[in-house]
Amino acid sequence: MMFQENILKKLISHCKKYGFVFPSSEIYDGLGAIYDYGQNGVGLKNNIKQYWWDSMTLLNENIVGIDSAIFMHPTIWKASGHVDAFSDYLIDNKDSKKRYRIDTLIENQITKYDNKISKEIKKATKYFGDAFDEIEFCKKDLYVLENINKKKALYARFTQALMENNLKELRQIIFDYKIVCPISKTNNWTCVRKFNLMFSTEMGSTTDSTIKIYLRPETAQGIFVNFLNVQKTGRMKIPFGIAQIGKAFRNEIIARQFVFRMREFEQMEMQFFVRPGEELEWFEKWKQVRIKWHKILELGDNKYRFRDHIKLAHYANAATDIEFEMPFGFKEIEGIHSRTNFDLNNHEKYSGKRMQFFDSKINKSYTPFVIETSIGLDRMFLSVLVGSYSEDVLREGNTRVVLKLPPALSPVKVGILPLIKKEEFKKKAREIMNKLKLNFCCQYDEKDSIGKRYRRQDAIGTPYCITIDQNTLDYHQVSIRFRDTMRQEHISISCLEQIISDNVSIKSLLKKLDE
RNA sequence: GCGGAAGUAGCUCAGUAGAUAGAGCAUUAGCCUUCCAAGCUAAUGGUCGCGGGUUUGAAUCCCGUCUUCCGCUCCA
C-alpha cells in the first residue's frame with residue numbers, strides 16, 4: 001500500500017513537472033482541491049473528451065449533444081432533490097471525536113434490524129425445509145414482526161425529519177434508538193449540523209432584486225429540462241439520447257486524492273430516454289457499451305470492474321459503477337444508472353409543464369424512463385495517467401519514465417528531432433514539421449543529445465519521434481522511433497503521414513468500438 | 001473538524017554555539033556530438049510560507065497564523 005501511495009505522489013509530481021496538472025492559485029498558496037490543467041494536460045483531456053463525444057454522437061444516430069448553462073433556475077434543484085437531499089447532516093461523537101453522517105448511522109441501525117430478521121428467516125428455513133413460506137412466516141413470527149415494525153418506524157421518522165429539515169428531531173432519533181458511536185460506544189453526541197454540498201451565489205445587480213442561485217452539482221438536469229426542446233426540434237424518437245460535457249461543482253467537506261475528488265470538476269453525461277418497462281434492457285446494453293469504451297484504451301482489462309449498487313438512490317431502480325484500480329484502490333470513474341422517470345416527473349410537477357412523449361408506435365403518451373451514463377472526466381484523466389505511467393528499467397541503474405498513453409489520447413503525437421544541430425538537418429526537419437503540423441500536434445526539439453530528447457518525449461507520452469539525419473537528405477528517409485518498444489525504422493517521408501494517422505486518430509478507437 | 005509531519009531556487013534537498021543563503025537536477029545561451037539521460041563553459045533564478053517578538057544581528061530561538069501531506073472522518 002505504501003508503495004502504491006508513492007506511485008500517486010510520483011504521478012502528481014510528474015504531472016506538475018511536465019505541464020499536465022498544476023495546483024490552482026499556486027503562487028497564493030493554492031486553493032483547496034482545485035487544480036489547473038497545463039499545456040499537456042489540456043491536450044490529453046481534450047482528446048478524452050473527443051473520444052467520448054464522438055463515440056456518443058457519431059456512432060449513434062439517435063444521440064445528440066447539447067451544452068447547457070451552469071446557472072439554472074433554482075427550482076430545478078428543488079425538483080431534482082438536491083436542495084433537500086444533497087446536503088449532509090453530520091454529527092460528532094464527543095468521546096471519540098469522530099464525525100458521522102446521520103444517514104449512515106440510521107442506515108447502520110436499519111441494517112441491524114435487517115440482520116436480525118434474516119437470521120430468523122435462515123433459522124426457520126433450516127427448520128421447515130421445503131415447506132417454508134417466507135412471506136407467511138414474516139406475517140406471523142412475533143420477533144420478526146417486531147423488528148420489521150421497528151425498522152419501518154425508524155425509517156418513517158427519519159424521512160419525516162429530513163423532509164422537515166428538523167435538526168433537533170434527527171438528534172433525538174439517534175438518542176431514542178440508542179445509536180452509539182462504533183468506536184467509543186457512547187451516545188455523547190454534539191448537535192446535528194447541516195452541510196449543503198451545493199455552491200451558491202447571487203444573481204441580479206441590485207441588492208433588493210437578487211435571487212439565490214446554485215452552481216450546478218451535476219450536468220444531468222440541464223439535459224432533463226431541455227428534453228422536449230431537443231426531442232421536438234431534432235425530431236427525435238424514443239429511444240434517443242442527449243449527451244453533454246461540462247463543469248459541475250460540489251462543496252466537498254474534504255476533497256483529496258489529487259484530481260480524483262475536486263470541488264470543481266467536469267462530467268461527461270449521456271441521458272438515454274426509453275419506453276417505460278424497457279429500461280433494464282437498455283441498462284444492460286449501456287453497461288456493455290461503456291465498459292467496452294474503457295477497455296479499448298488497452299490500459300489493462302483487469303484494472304476495470306463493475307460494482308453493482310445494492311442500496312439504490314431514491315431515483316434509481318438499477319445502478320452500477322465502473323471502477324478503475326487507482327493507487328488508492330478500486331474507485332468509481334463512471335456511473336450507469338437507471339433513473340426511472342423520477343427527474344422528468346418531478347420537473348413536470350414543479351414546472352407545471354408536461355414532460356411527456358407521444359409514441360406513435362404504440363399510440364400512447366408517457367414520461368420516458370432514463371438510463372444515465374455519467375463519467376467524471378477528471379477521474380478518467382487520472383485513470384489514463386495511472387494506467388500509462390511506467391518506470392522502465394533499461395539497463396542496470398538506467399531507467400526511463402514513460403507515459404504509455406493510448407496514442408489517440410497523447411497530447412503530442414510526433415516529436416521532430418534533427419539528429420544534430422546542423423543547418424541542413426534543421427531546415428529539413430522544419431519542412432517535415434510544416435507538412436505534419438496541420439494534422440498532428442508536433443513538437444520540434446533540437447536542444448541536447450538525441451537520447452535526452454527521446455526521454456523528454458517519453459515523459460509526455462509522445463508515441464512517435466522522427467529523426468532527421470544524413471539519410472533524410474540523401475534518400476528522403478527518416479527514422480521513426482516507437483515510444484513503447486524504443487524500436488526504430490527507416491521509412492520514406494512520403495509514408496510518414498499515413499503511418500502516423502493510422503494509429504493516433506480518435507477514429508482508430510471509434511472503429512474498434514463500432515465493431 | 002481532530003491527531004501527526006513538513007514548508008529554503010521550477011524540482012530534490014543541504015544549511016544550529018544566531019553573523020553576506022548553498023548543491024545537484026531542470027531552464028537559457030554557447031561549445032562538442034551521427035541514435036537512447038547524467039561531456040565542457042557560462043548565465044538566470046531565493047527578502048528561507050506569512051506576521052509579530054527576543055537580539056547589535058534570526059532561515060536558525062519564542063509566539064501566532066496560513067498552506068500542504070499522512071491518518072481518522074467523508075465521499076461522485
Side-chain angles (χ1 to χ4, degrees), chain A residues 1-2 5-6 8-10 12-14 16-19 22-23 25-33 86 88 90-94 96-101 103-104 181-183 190 193 195 197 217-220 248-258 260-263 265-267 269 309 313 319 321-323 328 331-335 337 372 374-380 392 394-395 397-402 417-422 425 447-459 465-473 478-483 485-488 490:
Chain A
M1 199 60 197
M2 275 314 287
E5 291 290 338
N6 281 339
L8 184 64
K9 251 186 199 165
K10 280 182 185 172
I12 293 170
S13 149
H14 190 86
K16 197 189 158 193
K17 192 170 175 186
Y18 290 98
F22 308 121
S25 321
E26 205 184 359
I27 61 170
Y28 291 99
D29 282 334
L31 190 59
F86 209 68
D88 287 341
L90 301 177
I91 194 166
D92 292 12
N93 184 278
K94 289 180 191 166
S96 64
K97 306 226 156 108
K98 301 288 172 198
R99 171 172 296 173
Y100 299 92
R101 284 176 48 155
D103 55 341
T104 315
C181 166
I183 309 266
T190 62
R193 277 167 298 169
F195 290 75
L197 294 187
E218 65 173 22
T219 55
F249 307 82
R250 291 186 195 177
N251 199 0
E252 297 289 341
I253 302 160
I254 289 181
R256 279 221 188 121
Q257 283 152 338
F258 198 37
F260 187 79
R261 175 165 291 104
M262 296 198 288
R263 297 205 162 91
F265 61 103
E266 207 158 353
Q267 291 183 310
E269 295 199 314
H309 291 206
D321 293 340
I322 294 176
E323 295 188 329
F328 38 90
K331 296 285 170 181
E332 175 189 355
I333 54 175
E334 173 159 5
H337 302 232
E372 164 185 88
S374 169
I375 171 167
L377 175 53
D378 312 276
R379 291 180 172 191
M380 182 64 202
D392 286 1
L394 303 177
R395 288 183 301 278
N398 187 345
T399 60
R400 66 163 185 158
V401 175
V402 47
L417 322 170
L419 186 57
I420 52 165
K421 269 192 266 185
K422 217 166 148 185
F425 291 2
K447 175 81 185 161
D448 296 314
S449 76
I450 189 71
K452 216 166 183 176
R453 282 178 277 165
Y454 285 147
R455 298 293 167 85
R456 272 205 285 267
Q457 295 301 328
D458 286 343
C465 286
I466 291 166
T467 343
I468 287 84
D469 55 17
Q470 195 58 44
N471 244 340
T472 318
L473 301 181
V478 292
S479 57
I480 184 165
R481 181 252 194 195
F482 303 95
R483 177 194 65 199
T485 58
M486 296 170 65
R487 205 167 44 81
Q488 296 187 52
H490 291 280

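In the text below, chain A, chain B and the rest are named by the order of the sequence lines, each starting its count at 1.
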**OP:** May I ask you to say what A:Arg379 touches in the nucleic acid, namely base, sugar-phosphate or nothing, with a heavy-atom cut-off under 4.0 Å?
**Re:** base

Subject >> Residue whose nearest RNA chain B nucleotide is more 5′ - A:Phe260 or A:Gln488 >> reply: A:Gln488

Original post:
Quick one: is B:rC69 close enough that its OP1 or OP2 comes under 4.0 Å of any side-chain N or O from A:Lys9?
Top reply: no

Subject >> No-H, no-angle donor-acceptor pair, A:Asp469 side chain to B:rC35 base, under 3.5 Å >> reply: yes

Original post:
Is any N or O donor-acceptor pair between the side chain of A:Ser479 and the base of B:rC35 shorter than 3.5 Å?
Top reply: yes

Original post:
Base, sugar-phosphate, or nothing: which does A:Lys422 touch, judged by heavy atoms less than 4.0 Å apart?
Top reply: base

**OP:** Indicate the atoms forming the closest heavy-atom contact of A:Glu266 with A:Asp378, along with that distance.
**Re:** N-OD2, 2.8 Å

Subject >> B:rU12 phosphate, OP1 or OP2, under 4.0 Å from A:Lys17 side-chain N/O >> reply: no

Original post:
A:Glu269 side chain to A:Ala220 main-chain N or O, any donor-acceptor pair under 3.5 Å?
Top reply: yes

Subject >> RNA chain B: 5'-proximal contact among A:Arg487 and A:Gly376 (nearest heavy atom) >> reply: A:Arg487

Original post:
Does A:Arg250 use its side chain to pair, donor to acceptor, with the backbone of A:Pro217 at less than 3.5 Å?
Top reply: yes

Original post:
With a 4.0 Å cut-off on heavy atoms, is A:Gln267 in touch with a base, just the backbone sugar-phosphate, or nothing at all?
Top reply: nothing

Subject >> Phosphate contact (B:rC74 OP1 or OP2) by A:Arg250 side-chain N/O below 4.0 Å >> reply: no

Original post:
Under the 3.5 Å rule, do the base of B:rC35 and the side chain of A:Arg481 count as making a donor-acceptor pair?
Top reply: no

Original post:
Can A:Arg453 and A:Asp448 be counted as an ion pair, charged N to O under 4.0 angstrom?
Top reply: no

